[in-house]
2 protein chains.
Amino acid sequence: MSGKTVLIVDDEPAIREMIAVALEMADYDCMEAADAREAHALIIDRQPDIILLDWMLPGSSGIELARRLKKEETTADIPIIMLTAKVEEDNKIRGLEVGADDYITKPFSPRELVARLKAVLRRATPPGIDNPIEVDGLILDPSSHRVTANNSSLNIGPTEYRLLQFFMTHQERVYTRSQLLDQVWGGNVYVEERTVDVHIRRLRKALGEQHDYLVQTVRGAGYRFSTQPA
Amino acid sequence: MSGKTVLIVDDEPAIREMIAVALEMADYDCMEAADAREAHALIIDRQPDIILLDWMLPGSSGIELARRLKKEETTADIPIIMLTAKVEEDNKIRGLEVGADDYITKPFSPRELVARLKAVLRRATPPGIDNPIEVDGLILDPSSHRVTANNSSLNIGPTEYRLLQFFMTHQERVYTRSQLLDQVWGGNVYVEERTVDVHIRRLRKALGEQHDYLVQTVRGAGYRFSTQPA
DNA sequence: TAACCTTGTCACATAGTTGTAACACTGGGG
DNA sequence: CCCCAGTGTTACAACTATGTGACAAGGTTA
């Protein structure tokens, strides 16, 4: 569900494995690296969403790597969580100074790890300042997650909401079922194309007679959201 | 001009005096306490607007007192600034974890003290925050820490109170469980997201049939506080 | 210390959502 | 006019998200 990818950097295979298992159970994708060089390559190549970085690393130390990543523009805003053994507590502060977003002291429980990782990711992704969109009296307000018409809010499911939001931000243009699946469902799901039809149907129903004309079928091509009647 | 009252808690009379003089020149009213017990009594009795709390206190330590204050609902939202000697730097983090709003390292200049105190007060006191908030006959009064409906006060726990207060000051907007944990529980606490559901449940129950409609579920998104029925 | 409250989790109950299949309808080409 | 690909519509079983009551741990009060 989260789909976030996590890079685990630690020279102990056992620890990497332990972490990977915990994270995969929480539905994260994991990559592993044993040293700074390998880590760096993976970061450039695969662009993880967050990095778990061991303080002690052979060769270039973890803190070196962190500093380097925070300097390079392309990697500067990937959050980093430092892993430190408790003997090294003093390093906490230095770690944070270098730009780490959090630190976790070994040993730690899987639950704590997941919780803090989640917290860091949350902070790193501030919610956009979405303004309401209005079309012909139909209002979609992202901040309250509400769709309103005639001063009363519509009962609309999550998928239909996303679909409508996509349409309202991409009006007057035809999208194939395939494109809609990519945009609204997310690129990596396997769903029948006909499923789109069903959700279109549900959306139209939710919009009611007054607004269902906005969702238009383009035979042989796909669907379009337009204020101009077909 | 400010009229704000400041409680200074430090076992060194000289330091208390120094601080008090500095603050009075900046037009704050000062109270002083030499230990945790005395401090606690004054806090209950005189309700200061902000507390300057020395880390090292005879008897119960400053951090103990801070933790206690943040737990009790009548004192939870009084801002606390921790005073720490620089040798104790590690404590910064622990201090903040306990819920302190800032820390200042001794020695500090009076000017710095006043500046940071002002900053904390500004953050902690959005305009008119201690005025009661009323929604559809439901009244939350921060000054008495009470929630009232139909002229009788509701039996509501500390967490539910904070949750309700957050909602009433942030109406008409969806918050994810994650965000609520950040805002209501505090950023550095690690609890299951489902715990939010349970407290939502408790809050609804406390509100009773007449008002529980205000707390709305937004499937797949989170919760929302709104006078407008879902 | 005992009675009591608060809190975070769990397990189970309930309710809302989703993707598919099956069938009905539609329009345009032959 | 018939046929058929393309689309509309409905039903439904699996799945997921949320509601709910119970409980143990920890803390507080009397």
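Reminder, nothing fancy here: chain letters follow the sequence lines and each chain counts from 1. Quick caveat, the model's predicted, so the values are computed rather than measured.
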Atom CZ of A/R177 and atom P of D/dG8: how far apart are they, to the nearest Å? 7 Å

Please enumerate all residues that pass side-chain hydrogen bond (donor to acceptor under 3.5 Å, both in side chains) together with B/H211, with sequence neighbours excluded. none

Quick one: list whatever passes side-chain hydrogen bond (donor to acceptor under 3.5 Å, both in side chains) with B/Q171, sequence neighbours left out. none

Under the side-chain contact (heavy atoms from CB on, under 4.5 Å) rule, collect the residues that match up with A/E209, sequence neighbours excluded. none

For A/Q210, give me all partners under side-chain hydrogen bond (donor to acceptor under 3.5 Å, both in side chains), at least two apart in sequence or on another chain. A/N150

Distance in angstrom units between A/L203 CG and D/dT9 P, rounded: 13 Å

Strictly under 4.0 angstrom, non-hydrogen atoms only: write out the protein contact profile of nucleotides 4-10 of chain C, one letter per nucleotide from the 5' end, B, S or -. --SBBBB

Ordered by number, residues from residues 212-221 of chain B within less than 4.0 Å of DNA chain D (heavy atoms) are B/T217, B/V218, B/R219, B/G220

Just call it for A/Y223: base, sugar-phosphate, or nothing, with non-hydrogen atoms closer than 4.0 Å on any strand. sugar-phosphate

Rounded to whole Å, the CG-C1' distance (A/D197 to C/dA21) equals 13 Å

Using side-chain contact (heavy atoms from CB on, under 4.5 Å) as the criterion, list what pairs up with A/V21, not counting sequence neighbours. A/E17, A/M25

Using the ring centroid of each side chain, check whether A/Y161 and A/H145 are separated by less than 6.0 Å. yes

Under the rule for side-chain hydrogen bond (donor to acceptor under 3.5 Å, both in side chains), what residues qualify as partners of B/R194, not counting sequence neighbours? B/D197

Can you name the residues that form a side-chain contact (heavy atoms from CB on, under 4.5 Å) with A/R162, not counting sequence neighbours? A/T159, A/V184

